[in-house]
Asks: 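Sharing a structure below in structure tokens format, with a few things to ask.
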Amino acid sequence: MEQKNESSFTGFILLGFSDRLPLELVLFVVLLIFYIFTLLGNTTIIALSYLDPRLHTPMYFFLSNLSFLDMCYTTSIVPQLLVNLSGADKSISFGGCVVQMYMSLALGCTECILLGVMAFDRYAAVCRPLHYTVIMHPGLCVLMASASWITGFANSLLQTVLIFLLPRCGRNKLDHFFCEIPTFLKLACVDTTMNLYVTFFGSVIILLTPVSLIMFSYGRIVMAVLRIRSTAGQRKAFGTCGSHLTVVSLFFGTAIYVYFKPSSSDSQDQDKFMSLFYTVIIPMTNPLIYTLRNRDVKGAIKKVLWKDSESR
């Protein structure tokens with residue numbers, strides 16, 4: 001660590017959980033297992049959506065995008081975290097920090113928008129079933145998915161450039177386990193009011209706009225479902241949206257809590273564990289949520305496994 005404090009070192013020190021050394025080994029093992037399951041689970045969703053013709057629908061097109069996004073999102077954070085947890089070296093290079101902040105923010109923003117797009121898809125499926133294939137045609141699906149990725153990466157580019165233009169006066173210790181904007185702002189030795197406004201404004205657009213679309217979509221869905229006289233029909237309609245609504249609640253709940261609550265030095269450890277929740281745990285649980293609550297996915301898994309056993 002002494003070498004990392006020399007004037008020649010231009011990177012950053014990620015303090016992370018270094019004040020809780022016994023916890024680091026436990027976190028290393030747990031996060032390594034979670035990361036492996038995240039890769040396996042999301043890869044399975046992507047593979048099934050490609051292999052099973054029954055899953056060649058807009059819903060599973062967006063779900064494949066979400067799974068790929070979750071893998072990339074977790075990979076932008078967890079490998080570096082595992083390296084830092086495994087030894088005394090808690091450093092990250094300047095370039096590594098730039099890339100990590102840009103990629104994690106871009107992928108996080110993209111997920112926010114994509115979840116809003118998926119809510120619109122569920123609205124079209126439940127409220128406009130006869131016109132669903134006409135509304136959600138392949139061209140529109142590709143356009144909406146592309147817009148989600150482009151908007152997320154464009155917002156991240158603006159935010160990251162503004163953050164790294166701030167003078168830090170030699171400060172390089174980040175009290176977090178990855179390079180994130182709120183923590184990085186504390187290193188600045190100038191007034192950061194303008195940056196706070198830009199970050200807040202960007203958060204409002206990226207978080208609250210999809211939330212508004214989701215609330216509108218599910219409001220209309222609830223109204224449409226309540227008009228269905230059959231209990232079985234109501235259950236089927238709610239089951240169609242249940243998985244997505246669960247993922248939305250987990251992701252937006254933690255993200256809004258972290259980015260909109262008042263900052264406090266006493267809550268820094270709490271912020272770290274909340275960040276672990278939406279950067280590691282949620283990407284791992286998404287495939288489980290969609291698999292356990294979805295007959296089509298479970299059917300596709302059985303079909304693939306049955307073919308595999310027959311080939312043997």
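All residue numbers refer to positions in the sequence shown, counting from 1. Basis for what follows: all heavy atoms, side chains included, without hydrogens, waters or symmetry-related copies.
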Asks: Show your reasoning for whether side chain to side chain contact (heavy atoms under 4.5 Å, CB included) applies to Ser217 and Arg122.
Replies: CA-CA 8 Å; Ser217 298; Arg122 294 299 82 209; over 6 Å; no
Asks: Apply side chain to side chain contact (heavy atoms under 4.5 Å, CB included) to residues Thr75 and Leu39 and explain how you reach the verdict.
Replies: CA-CA 9 Å; Thr75 301; Leu39 297 181; 4.1 Å; yes
Asks: Could you tell me the separation between the CZ atom of Phe277 and the CD1 atom of Ile282, rounded to the nearest 0.5 Å?
Replies: 4.5 Å
Asks: Pick from Glu180, Gln159, Gln100: which one makes a side chain to side chain contact (heavy atoms under 4.5 Å, CB included) with Leu105?
Replies: Gln159
Asks: Compare every heavy atom of Pro58 with every heavy atom of Asp121, then report the nearest pair and how far apart it is.
Replies: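 Result for this residue pair: OD1-CB, 3.5 Å.
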Asks: May I ask you to test the Asn286-Glu111 pair for a side-chain heavy-atom distance under 4.5 Å?
Replies: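 A side-chain contact exists here, since the closest heavy-atom pair is under 4.5 Å.
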Asks: Please determine whether the number of non-hydrogen atoms from other residues, nucleotides or ligands lying under 6.0 Å from atom CZ of Phe153 exceeds 12.
Replies: yes
Asks: Under a 4.5 Å cut-off applied to non-hydrogen side-chain atoms, are Tyr73 and Thr110 in contact?
Replies: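 The answer is no, as the side chains (C-beta and beyond) never meet within the 4.5 Å cut-off.
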Asks: Look at the side-chain heavy atoms of Ile, Leu, Val, Met, Phe, Trp and Tyr, link any pair under 4.5 Å apart, and say whether Leu31 and Phe273 land in one connected group.
Replies: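 Cluster IDs for Leu31 and Phe273 match.
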Asks: Atom OH in Tyr35, atom CE in Met284: separation rounded to 0.5 Å?
Replies: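 That separation rounds to 14.5 Å.
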Asks: For Val134, does its backbone N or O pair with a side-chain atom of His131 as donor and acceptor, under 3.5 Å?
Replies: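 Judged by distance alone, no pair lies under 3.5 Å.
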Asks: How many angstroms lie between OG in Ser104 and CD1 in Ile77, if you round to the nearest 0.5 Å?
Replies: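 Nearest 0.5 Å value for the OG-CD1 distance: 5.0 Å.
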Asks: Compare every heavy atom of Cys112 with every heavy atom of Phe252, then report the nearest pair and how far apart it is.
Replies: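 Distance-wise, the nearest heavy atoms are CZ-O, 3.5 Å.
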Asks: Should we count CZ of Phe94 as having more than 12 external heavy atoms under 6.0 Å?
Replies: yes
Asks: Does any part of the side chain of Phe37, heavy atoms only, come nearer than 4.5 Å to the side chain of Ile33, both counted from C-beta?
Replies: yes
Asks: Kindly compute the distance separating CG (Leu107) from CG (Asp70), expressed to the nearest 0.5 Å.
Replies: 9.5 Å
Asks: Which heavy-atom pair separates Ile13 from Ser91 by the least distance, and what is that distance?
Replies: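 Closest approach of Ile13 to Ser91, heavy atoms only: CD1-CB, 4.1 Å.
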Asks: Could you tell me whether a side-chain N or O of Asn42 sits under 3.5 Å from a main-chain N or O of Thr38, the two making a donor and an acceptor?
Replies: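 Present.
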Asks: Determine whether a donor-acceptor pair (N or O, by modelled atom type, separation under 3.5 Å) exists between the side chain of Asn65 and the backbone of Phe61.
Replies: yes
Asks: Is there a side-chain contact between Leu115 and Pro210 in this structure, where contact means two heavy atoms from C-beta onward sitting under 4.5 Å apart?
Replies: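 No, their side chains stay 4.5 Å or more apart.
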Asks: State, yes or no, whether a side-chain contact exists between Gln80 and Phe178 at a heavy-atom distance under 4.5 Å.
Replies: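 They are not in side-chain contact.
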Asks: Would you find a donor on one side and an acceptor on the other, under 3.5 Å apart, between the side chain of Thr183 and the backbone of Cys179?
Replies: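 No, Thr183 side chain to Cys179 backbone: no donor-acceptor pair under 3.5 Å.
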Asks: Could you tell me if the side chain of Leu63 sits less than 4.5 Å from the side chain of Met59, heavy atoms only?
Replies: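 The answer is no; the side chains never approach within 4.5 Å.
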Asks: After noting the C-alpha distance and the side-chain angles of Tyr50 and Ser64, does the key distance pass the side chain to side chain contact (heavy atoms under 4.5 Å, CB included) rule?
Replies: CA-CA 9 Å; Tyr50 175 77; Ser64 296; over 6 Å; no
Asks: Can you find a pair of side-chain heavy atoms, one from Ile281 and one from Leu276, that are under 4.5 Å apart?
Replies: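 Not touching, per the 4.5 Å side-chain cut-off.
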Asks: Are there more than 12 heavy atoms of other residues, nucleotides or ligands under 6.0 Å from atom CZ of Phe28?
Replies: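 Atom CZ in Phe28 is crowded, with more than 12 foreign heavy atoms closer than 6.0 Å.
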Asks: Taking all atoms of both residues into account, what is the closest heavy-atom pair of Leu245 and Tyr218, and its distance?
Replies: N-OH, 3.7 Å
Asks: Does the side chain of Leu185 come within less than 4.5 Å of Leu166's, by heavy atoms?
Replies: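 In short, these two side chains touch, coming nearer than 4.5 Å.
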Asks: Could you walk me through whether Phe34 and Val78 pass the side chain to side chain contact (heavy atoms under 4.5 Å, CB included) test, one step at a time?
Replies: CA-CA 10 Å; Phe34 280 12; Val78 173; over 6 Å; no
Asks: Sub-3.5 Å donor-acceptor pair from the side chain of Thr209 to the main-chain atoms of Ile206, do we have one?
Replies: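 Side chain of Thr209 to backbone of Ile206, a donor-acceptor pair under 3.5 Å: no, none is there.
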Asks: Applying a strict under-4.5 Å side-chain criterion to I, L, V, M, F, W and Y, I'd like to know whether Ile205 and Leu158 cluster together.
Replies: no
Asks: Taking all atoms of both residues into account, what is the closest heavy-atom pair of Tyr60 and Leu55, and its distance?
Replies: CB-O, 3.0 Å
Asks: Would you give the length of the straight line joining atom CZ of Phe177 to atom CG of Leu82, rounded to the nearest 0.5 angstrom?
Replies: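 Separation between the atoms: 11.0 Å.
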Asks: Say whether, by atom type as modelled, one donor and one acceptor occur between the side chain of Ser49 and the main chain of Ile45 under 3.5 angstrom.
Replies: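 It does hold such a pair.
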Asks: Strictly distance-based, threshold 3.5 Å: is any side-chain N or O of Thr192 a donor or acceptor partner for the main-chain N or O of Asn195?
Replies: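 Side chain of Thr192 to backbone of Asn195: no pair is present.
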Asks: Less than 6.0 Å separating the ring centroids of Phe184 and Phe164?
Replies: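 Phe184 vs Phe164: aromatic centres under 6.0 Å.
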Asks: Within the distance-only criterion (no hydrogens, no angle test), does the side chain of Lys90 pair as donor or acceptor with the backbone N or O of Asn84 below 3.5 angstrom?
Replies: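 Yes: the side chain of Lys90 pairs with the backbone of Asn84.
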Asks: Quick one: pull up CG in Leu114 and CZ in Phe68 and give me the separation to the nearest 0.5 Å.
Replies: 12.5 Å
Asks: Checking Thr254 side chain against Phe251 main chain: does a donor-acceptor pair fall under 3.5 Å?
Replies: yes
Asks: Determine whether a donor-acceptor pair (N or O, by modelled atom type, separation under 3.5 Å) exists between the side chain of His176 and the backbone of Leu14.
Replies: no
Asks: At their closest point, which heavy atom of Ser67 faces which heavy atom of Ile46, and how far apart are they?
Replies: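 Shortest heavy-atom separation between Ser67 and Ile46 comes out as CB-CG1, 3.8 Å.
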